Amino acid sequence: GGIYGEFKIKTENPSEKDVVASLQKIKDVFEEDGYKNVNVYAIGKDKIRVETGYSKSSRTYAETYNKIASIAVGAITAT
């Protein structure tokens, strides 16, 4: 199975450089925690989408959901 979250960048008119840095940081956080198949990409100029799968043998749905939900702090919010 898989889970996704969409987030709005709080910064007004973020630069492309800022968005790319945010995308990479989010991807790195997931990969450091053992998630192998994480897709993180921009939607337009002010949103980010995170998609990842979970394996019943290594992650529960709740663990993965909470990981994605934890992104919605600081510079981005859930949409």
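Please read these numbers as outputs of a predicted model, since none were measured by experiment.
Partners of Asp28 according to the side chain to side chain donor-acceptor pair (under 3.5 Å) rule, which considers only residues two or more places apart in sequence or in another chain, are Gln24. With sequence neighbours left out, the side chain to side chain donor-acceptor pair (under 3.5 Å) criterion links Glu51 to Tyr41, Arg49.
Atom CD1 of residue Ile48 and atom CD1 of residue Ile26 lie 4.0 Å apart, to the nearest 0.5 angstrom. Interatomic distance, Glu12 CD to Asp46 CG, rounded to the nearest 0.5 Å: 10.0 Å. The distance from the CG atom of Asp18 to the CG atom of Asn13 is 11.0 Å, given to the nearest 0.5 Å.
Residues Phe7 and Ile68 share a closest heavy-atom pair of CZ-O, 3.4 Å.
Looking only at side-chain heavy atoms (C-beta outward), Asn39 and Phe30 stay at 4.5 Å or farther from each other. By the 4.5 Å heavy-atom criterion applied to side chains, Lys67 and Val29 are counted as neighbours.
Asn37 CG: 12 or fewer foreign heavy atoms inside a 6.0 Å radius.
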